[in-house]
Amino acid sequence: MKDWLTSLRQKDKRTIAQTITKLENRDPDALAILQQLLPFTGGAHVIGITGPPGAGKSTLIASLLAFLRKQDLTIGVIAIDPSSPYSGGAILGDRIRMNRYAMDDGIYLRSMANRGKVGGISRFTKDSVRVLDAAGFDVILIETVGVGQSELSIMHMTDSICVVLHPGAGDMIQVTKAGVMEIADIYVVNKADLIGASRLIAEIEDMLEISGGKADWAPKVIATNASAHQGIEGLWTLLQKHKQYLKHTGIGEKQRIKQLYHEVEEELWLILEQKCKEVWQQQDFEKRLTMLEKKTVTPQEIAKEVADRLFGMESE
Ligand SMILES: Nc1nc2c(ncn2[C@@H]2O[C@H](COP(=O)(O)OP(=O)(O)OP(=O)(O)O)[C@@H](O)[C@H]2O)c(=O)[nH]1
Ligand SMILES: [Mg+2]
């Protein structure tokens, strides 16, 4: 266990990958692993990069990676691949760019398909963040497509959130509908080289004026051209500013505690769901179905009976 932790702390890619996989599969060691990681967590600046498909999130991350590496910062990237019909879902745009980082121990990339995992995307992402944080990465970037409610879960695992938009019909409406607008600390208007960028900036600024933004942090708007590496330094400056704000006001610490409470709740629901299913599977289906068919019992009554049984068993 000691050797394992030492190589993890040295950012050994194999160890990182194995650890994440073990957590992902809820290996019997998972709880012990999480316990061992705990003292080493809390150092990373965790940043969510969200926004509609094709906004340029991956390109922006690739550009940020290049910029941050020059400053000798280490970065972990978690990409939630939506496997959407909108795009090929290629992480960081293309394989060549990825290969460039394969040999660099200051960068770790991990992607995950947005379906079919026990405990869902939220648990996977949190576990991965924890591993990368404990490994000592300075910055952790999480890419998600912000078009559905489930993506809002990044607010439960990040310090700062960038919503990336691009000039194009309907973007604002789409993102506003998904509730993504409210969670932004920084709005990135990417593809600033395209027509409509300044109008989009004005639209966002109007919207912020009306809504008043978050409590004391007035969300910032920045234009970037990720393909041409423009605006990246400005974006990083804003992210640093936000980090300072979180630190000086103590809001960052409060936010993290809130996130831990939320995680306890999420874990609890998972455990309860599992237990409920176990009890349900022990039920005498034949008899219940006949009773349902004969209309001598309602589905609600059966559900309640199973629930009572579950909690009765728990209190024994
Ligand atoms: N003109 C222009 N094109 C850009 C810019 N940034 C990204 N693109 C292009 O936009 C397309 C989508 O970029 P991605 O980085 O894959 O976008 P994404 O938001 O990660 O997309 P999904 O992960 O599929 O949601 C690619 O063809 C990029 O080359 C930019 O600043 N200007
Ligand atoms: Mg992408």
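In what follows, every heavy atom counts, from backbone to side chain, and hydrogens, waters and symmetry copies are set aside. Counting starts at 1 for both ligands and their atoms, following the listed order.
A distance of 4.0 Å separates CG of N225 from CG of D193, quoted to the nearest 0.5 Å. Rounding to the nearest 0.5 angstrom, the gap separating the CG atom in L38 from the CZ atom in R130 is 7.5 Å. In this structure, NZ in K247 is found 7.5 Å from NZ in K243, a value given to the nearest 0.5 Å.
Considering backbone and side-chain N/O atoms, D193 comes within less than 3.5 Å of an N/O atom of ligand 1. An N or O contact shorter than 3.5 Å links G54 to ligand 1 by distance. The shortest N or O to N or O distance between A55 and ligand 1 is below 3.5 Å.
Taking each of K57, E143, K191 in turn, the one with a heavy atom nearest to atom 9 (C) of ligand 1 proves to be K191. When the heavy-atom distances from atom 15 (O) of ligand 1 to N190, L60, T59 are ranked, the shortest goes to T59.
The closest approach of E143 to the Mg ion (ligand 2), by N/O/S atoms, is made by OE2.
For the pair R123 and E267, the minimum side-chain heavy-atom distance is below 4.5 Å.
Counting only N and O atoms by type, the side chains of T74 and D138 include a donor and acceptor under 3.5 Å apart.
Under 2.8 Å from the Mg ion (ligand 2) lies no N/O/S atom of T59, from backbone or side chain alike.
Between R26 and D127 there is a salt bridge, with a side-chain nitrogen of the basic residue lying less than 4.0 Å from a carboxylate oxygen of the acidic one.
Heavy-atom contacts of P53 reach the following atoms of ligand 1: 25 (O) (cutoff under 4.0 Å).
Ring orientation note: the planes of W217 and H242 are nearly perpendicular, at an angle over 60° on the 30°/60° scale.
At a heavy-atom distance under 4.0 Å, no atom of H166 approaches ligand 1.
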